[in-house]
Amino acid sequence: MTDTALRDESRQPAEPAVLEGVPGWFWDHDRHSFDWFLGRQEKQGVTGDLLEMGAYLGRSAIVIGEHLQPGETFTVCDLFDSDGPDEENSEEMATSYRRTLTRSAFECNYLAFHDELPEIIQAPTSVLAGGRIPAGAYRFVHIDASHLYEHVVGDLDVARTALQPQGVVVLDDYRSQHTPGVAAATWEAVFNRGLNPIMLTECKFYGTWGDPEPFQRELLDRVDLAAGCHLSAETLNGRQLLRMTGSSEGIRPFRGSRHQARLAAEAAARSAEEARRNARARQDEAALDLAARRARAAEARRPVNVAKRAARDLLPPVVTSAIRRARRR
């Protein structure tokens with residue numbers, strides 16, 4: 001096999017058995033919140049397309065795709081292993097994602113949980129502007145692409161145009177130390193561009209350009225909310241927003257992948273084989289120890305050694321010492 005083939009083989013993505021097996025940063029409270037917002041729309045008969053800008057290796061996309069209804073389209077836009085549109089974005093990619101982020105890895109992960117891929121646009125999210133996606137056709141948009149201020153402002157403009165009046169937008173890393181551009185763009189949209197906050201988690205901002213009050217009322221009434229999700233209300237410049245904290249109690253695990261049963265069987269087979277190897281190793285060690293003890297016992301029974309022991313045990317110590325000295329001469 002050539003060096004190139006070996007490198008290609010080593011880069012083949014692993015098949016995930018569970019959602020947590022997909023690399024990424026998408027924690028239980030946000031997974032539950034995605035399910036809550038998308039599920040609420042579905043219960044109320046709301047239809048519309050879904051959009052994710054920035055997907056990494058697919059953990060959040062897999063959850064969004066679980067809520068795709070008949071007739072809807074799920075679009076994922078990411079650079080994946082393409083070059084960034086400018087030097088600053090390319091540097092951001094090289095620093096954080098270049099070694100791991102590939103389209104093939106995303107597709108492998110997504111297809112482990114779904115039968116079909118979403119519509120994939122492998123390009124900067126800026127290509128979505130200017131009518132690339134239909135206005136007012138989307139019910140849910142997740143923004144987790146570039147962390148650069150100018151790019152996030154553009155992604156928010158795309159989301160505002162794309163969303164239905166009561167559509168939901170979610171922004172990742174709105175408060176992280178290493179993403180001040182996201183924080184600046186998010187709160188600028190709140191104070192100057194009509195974005196209404198609904199809820200904050202540790203990692204994500206949930207908002208709408210519509211009325212946030214119906215969402216907040218149901219959240220505070222704990223409609224379909226997991227037991228461990230605790231909410232508190234804050235007032236920001238006269239507007240209410242909620243904060244979610246707490247534990248993962250009551251948040252149901254995401255279903256296993258199509259590979260789960262096979263991977264579990266393979267893991268069990270590997271464990272059984274390892275147990276057999278360990279048992280054989282212990283048996284071999286015990287056999288070697290028994291052989292050594294038998295050899296020592298046989299040596300001890302040799303006549304000359306019996307005589308030596310008898311002399312050592314029966315003769316006075318002074319005589320035994322004299323005999324030993326004589327033998328060494």
Side-chain angles (χ1 to χ4, degrees), residues 26-53 60 63-69 72 74 135-144 155-156 158-175 182-183 185-254:
F26 189 53
W27 315 123
D28 283 345
H29 278 170
D30 286 306
R31 177 171 61 79
H32 180 52
S33 298
F34 274 44
D35 283 333
W36 191 91
F37 281 97
L38 288 160
R40 178 185 183 274
Q41 291 174 333
E42 291 146 25
K43 285 195 304 182
Q44 295 186 350
V46 175
T47 60
D49 294 334
L50 312 173
L51 173 63
E52 181 165 71
M53 292 186 271
S60 57
V63 174
I64 296 172
E66 191 78 352
H67 292 273
L68 187 64
Q69 301 178 106
E72 295 179 338
F74 179 25
Y138 291 79
R139 62 184 173 102
F140 189 90
V141 175
H142 179 216
I143 300 175
D144 188 13
D155 291 344
L156 280 164
V158 168
R160 184 174 188 175
T161 300
L163 281 170
Q164 302 169 358
Q166 281 295 100
V168 174
V169 62
V170 184
L171 287 111
D172 186 64
D173 279 333
Y174 75 97
R175 61 183 289 272
V182 183
T186 300
W187 295 113
E188 180 184 57
V190 169
F191 289 111
N192 299 327
R193 301 188 179 194
L195 178 60
N196 297 306
I198 300 172
M199 184 180 74
L200 308 176
T201 64
E202 183 178 356
C203 298
K204 295 187 188 291
F205 171 104
Y206 296 75
T208 181
W209 277 278
D211 183 3
E213 195 275 335
F215 299 99
Q216 294 175 338
R217 183 175 60 249
E218 290 190 28
L219 284 164
L220 289 171
D221 287 343
R222 303 198 62 82
V223 177
D224 297 327
L225 202 63
C229 296
H230 304 314
L231 294 172
S232 59
E234 304 281 345
T235 301
L236 180 66
N237 196 28
R239 287 181 287 184
Q240 178 176 260
L241 64 84
L242 306 181
R243 291 190 300 113
M244 179 184 286
T245 56
S247 69
S248 298
E249 180 188 356
I251 299 178
R252 291 178 297 177
F254 195 78

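Side chains included, hydrogens not; waters and symmetry mates left out as well; all remaining heavy atoms used.
Summarising the geometry, atom CG belonging to Leu51 is positioned 12.5 Å from atom CZ belonging to Arg139; distances are rounded to the nearest 0.5 Å. From Leu195, atom CG reaches atom CD1 of Ile198 across 8.5 Å, with rounding to the nearest 0.5 Å. Separation of atoms CD (Glu218) and CD (Glu213) is listed at 9.5 Å; rounding is to 0.5 Å. Residue Leu68 holds its CG atom at 9.0 Å from CD of Glu42, rounded to the nearest 0.5 Å. Atoms CE and CD1, on Met53 and Ile143 in that order, are 4.0 Å from each other to the nearest 0.5 Å. From Leu200, atom CG reaches atom CZ of Arg175 across 9.0 Å, with rounding to the nearest 0.5 Å.
Side-chain contact between Glu202 and Met244 is absent, with no heavy-atom pair separated by less than 4.5 Å. Annotation: side chain of Thr235 is not in contact with side chain of Gln240 (no heavy-atom distance under 4.5 Å). Two residues are said to be in side-chain contact when any heavy atoms from C-beta on lie closer than 4.5 Å; Asp172 and Val182 fail this criterion. Using a 4.5 Å heavy-atom cutoff, the side chains of Val190 and Arg239 are in contact. By the 4.5 Å heavy-atom criterion applied to side chains, Lys204 and Ser33 are not counted as neighbours. Put simply, the side chain of Thr201 does not reach to within 4.5 Å of the side chain of His32, judged on heavy atoms. Counting heavy atoms from C-beta outward, His29 and Ile251 have side chains that approach closer than 4.5 Å. Val168 has its side chain within reach of Gln41: a pair of non-hydrogen atoms, C-beta onward, lies under 4.5 Å apart.
In this structure, Leu38 and Ile64 approach most closely via the heavy-atom pair CD1-CA, 4.2 Å. Looking at every heavy atom in both residues, Pro197 comes nearest to Pro212 through O-CB, 3.7 Å. Here the closest heavy-atom approach between residue Leu156 and residue Trp209 is recorded as O-CH2, 3.7 Å. Residues Leu219 and Leu231 approach most closely at O-CD1, 3.2 Å, considering heavy atoms. Contact detail for Thr208 and Gly167: the closest heavy-atom pair is OG1-O, 2.8 Å. Closest non-hydrogen pair, Gln164 versus Gly48, comes out as NE2-CA, 3.5 Å.
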Criterion ring pair (Phe, Tyr, Trp, His ring centres under 6.0 Å) on Tyr206 and Phe215, from CA distance to verdict: CA-CA 10 Å; Tyr206 296 75; Phe215 299 99; over 10 Å; no
Apply side-chain contact (heavy atoms from CB on, under 4.5 Å) to the pair Asp144 and Glu52, showing each step before the final yes or no. CA-CA 8 Å; Asp144 188 13; Glu52 181 165 71; 5.7 Å; no
Are His67 and Phe140 close enough, and set up right, to give a ring pair (Phe, Tyr, Trp, His ring centres under 6.0 Å), and what steps lead you there? CA-CA 10 Å; His67 292 273; Phe140 189 90; 8.5 Å; no
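At distances below 3.5 Å, not a single donor-acceptor pair connects side-chain atoms of Glu249 with backbone N or O atoms of Ala226. Within the 3.5 Å criterion, the main-chain N or O of Gly210 finds a donor-acceptor partner in the side chain of Asn196. No donor-acceptor pair under 3.5 Å is formed between the side chain of Gln69 and the backbone N or O of Gly45.
Salt bridge absent: Arg31 and Glu66 never bring a charged side-chain N and a carboxylate O closer than 4.0 Å. Salt-bridge formation is not detected for the pair Arg252/Asp35: no Lys NZ or Arg NE/NH1/NH2 atom is positioned less than 4.0 Å from an Asp or Glu carboxylate oxygen.
Each of Leu171, Val169, Asp173 was compared with Thr186 under the side-chain contact (heavy atoms from CB on, under 4.5 Å) criterion, and only Leu171 meets it.
The aromatic rings of His142 and Phe26 sit tilted relative to each other, their planes meeting at an angle between 30° and 60°.
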